[in-house]
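All remarks here apply to the structure that follows.
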Amino acid sequence: MDTTALLEKPARFRHRHLLGLEHLSPEEIELILDNAAAMKEIFTRTVKKVPTLRGKTVCNLFFENSTRTRTSFEIAAKRLSADVVNFNVATSSVTKGESLLDTARTIQAMGVDFVVMRHSCPGTPHLLSKRLNMSVINAGDGAHEHPTQGLLDIFTMREKKGRIAGLKVAIVGDILHSRVARSNIWALTKLGARVSLVGPSTLVPRYFEKLGCEIHHDLRSGIADADVINLLRIQLERQRKNLFPSIREYRLLYGLTRERLVWAKPDVLIMHPGPVNRGVEISQDVADGDHSVITEQVTNGIAVRMAVLYLVSGGGAVEE
């Protein structure tokens with residue numbers, strides 16, 4: 001793909017914000033993935049930078065801890081030549097009682113063009129998008145969505161498998177509390193993949209069938225003939241009560257080991273959005289094994305976030 005031509009003749013993207021994948025069309029999702037592929041070519045250059053967002057400012061407004069997402073958004077913005085501000089909640093006026101909206105308006109008044117938002121409350125990025133003139137990118141809102149993680153997961157699948165349509169993707173773990181799972185489900189089903197959700201019944205309720213997913217409470221049947229296994233950690237911080245007897249029991253029933261890999265296809269991809277709890281949802285040798293693309297997901301996250309920043313900045317006509 002010709003990166004220069006893509007940047008000079010931007011494809012159409014009709015959104016000022018990226019709030020989730022639920023309401024994007026398959027064509028819009030593919031557009032982001034195609035742009036990410038072009039952005040990844042920049043990584044091979046001696047100078048890994050383009051002037052696309054020169055003069056623009058990106059603020060990472062994170063009210064929850066993050067390593068991969070915040071850092072990759074910062075790198076992505078800098079590779080597009082934007083200026084970056086990282087908001088630190090602990091040293092901000094939030095600790096003095098300032099409201100979220102007042103904080104965001106203060107940032108906007110300083111001339112920020114994009115705000116990348118992570119918050120524990122679902123819908124918070126949607127609220128800001130209605131009240132502010134900045135472009136808002138959802139970097140995770142509670143257990144609702146994490147659109148760029150979903151995009152980078154699917155980008156990695158497409159890069160490795162050459163397609164999404166027809167793949168069986170097994171998502172294993174705490175589906176109930178996972179924003180990553182929801183974003184993956186919306187995009188994968190729109191692009192024609194078969195999605196299998198696997199975990200204890202308390203973490204994989206039957207209502208996910210309404211989203212077009214298969215439900216399995218047995219690991220072997222859930223990952224049988226899977227092309228991709230995407231493992232999720234148990235989110236104890238979001239659980240208000242014990243939803244399974246113990247971590248040990250969860251590991252015995254749902255932990256992915258080398259011995260259990262034979263239940264999937266021989267060329268299965270092993271993925272994880274991180275942070276990885278080694279020895280719980282995945283064994284050490286599988287996490288670091290030949291099937292694992294976990295570190296490649298991190299690399300691809302930069303390309304995907306570059307594409308998102310580029311497209312919401314006006315890489316196409318804006319209608320909203």
With salt bridge (Lys or Arg N to Asp or Glu O under 4.0 Å) as the test, would you mind laying out the steps for Glu159 and Lys40 before giving the verdict? CA-CA 11 Å; Glu159 186 177 58; Lys40 193 171 179 181; 2.9 Å; yes

Is atom [atom1] of [X] surrounded by more than 12 heavy atoms (other residues, nucleotides or ligands) closer than 6.0 Å?
X: Arg248; atom1: CZ; value: no
X: Lys48; atom1: NZ; value: yes
X: Asp290; atom1: CG; value: no
X: Arg163; atom1: CZ; value: yes
X: Asn65; atom1: CG; value: no

List the steps and the verdict of side-chain contact (heavy atoms from CB on, under 4.5 Å) for His177 and Leu203. CA-CA 8 Å; His177 300 95; Leu203 297 179; 4.2 Å; yes

To check you understand the geometry: which heavy-atom pair defines the closest contact between [X] and [Y], and what is its length?
X: Ala139; Y: Val116; answer: CB-CG1, 3.7 Å
X: Arg233; Y: Asn277; answer: CB-ND2, 3.4 Å
X: Ser292; Y: Val286; answer: CB-O, 3.5 Å

Between [X] and [Y], is there a side-chain N and carboxylate O pair less than 4.0 Å apart?
X: Arg258; Y: Asp285; value: yes
X: Lys190; Y: Glu28; value: no
X: Lys168; Y: Asp227; value: no

So, does [X] use its side chain to make a donor-acceptor pair with the main chain of [Y] at under 3.5 Å?
X: Ser129; Y: His126; value: yes
X: Asn184; Y: Val180; value: yes
X: His291; Y: Val268; value: yes

4.5 Å side-chain heavy-atom contact, [X] and [Y]:
X: His146; Y: Thr148; result: yes
X: Leu132; Y: Arg105; result: yes
X: His17; Y: Ile137; result: no
X: Val85; Y: Asn60; result: no
X: Leu152; Y: Arg305; result: yes
X: Met271; Y: Leu231; result: no

Would you say Leu151 ends up clustered with Val298 if hydrophobic residues are merged whenever their side chains have heavy atoms under 4.5 Å apart, either directly or through other cluster members? no

With Arg278, which residues qualify under salt bridge (Lys or Arg N to Asp or Glu O under 4.0 Å), at least two apart? Asp288

With salt bridge (Lys or Arg N to Asp or Glu O under 4.0 Å) as the test, would you mind laying out the steps for Glu74 and Lys78 before giving the verdict? CA-CA 6 Å; Glu74 181 174 0; Lys78 288 181 176 179; 3.0 Å; yes

Check against side-chain hydrogen bond (donor to acceptor under 3.5 Å, both in side chains), Asp141 and Thr124: CA-CA 7 Å; Asp141 60 329; Thr124 305; over 6 Å; no

Interatomic distance, [X] atom [atom1] to [Y] atom [atom2] [nearest 0.5 angstrom]:
X: Asn138; Y: Gln149; atom1: CG; atom2: CD; answer: 12.0 Å
X: Ser313; Y: Leu80; atom1: OG; atom2: CG; answer: 8.0 Å
X: Arg16; Y: Asn133; atom1: CZ; atom2: CG; answer: 6.5 Å
X: Ser81; Y: Lys56; atom1: OG; atom2: NZ; answer: 13.0 Å
X: Ser221; Y: Ile215; atom1: OG; atom2: CD1; answer: 11.0 Å
X: Cys121; Y: Leu127; atom1: SG; atom2: CG; answer: 9.0 Å

Checking Arg79 against Phe43: charged group under 6.0 Å from the ring centre and within 45 degrees of the axis? yes

Does the Lys NZ or Arg CZ of Arg118 fall within the cation-pi geometry relative to Phe62 - under 6.0 Å from the ring centre and within 45° of the axis? no

From CA spacing to verdict: side-chain contact (heavy atoms from CB on, under 4.5 Å), Trp186, Glu145: CA-CA 10 Å; Trp186 287 121; Glu145 275 216 54; 3.7 Å; yes

For the pair Ile270 and Val228, evaluate side-chain contact (heavy atoms from CB on, under 4.5 Å) and give the outcome as yes or no after the intermediate values. CA-CA 6 Å; Ile270 303 302; Val228 181; over 6 Å; no

Would a line drawn from the ring center of His15 to the ring center of His23 be shorter than 6.0 Å? no

Is the centre of the Tyr310 ring less than 6.0 Å from the centre of the Phe13 ring? no

Worked verdict on Arg179 versus Glu64 for salt bridge (Lys or Arg N to Asp or Glu O under 4.0 Å): CA-CA 14 Å; Arg179 53 196 175 205; Glu64 289 185 316; 3.1 Å; yes

Yes or no on side-chain contact (heavy atoms from CB on, under 4.5 Å) for Leu167 and Lys161, after CA distance, side-chain angles and deciding distance? CA-CA 9 Å; Leu167 294 181; Lys161 296 293 186 181; 4.1 Å; yes

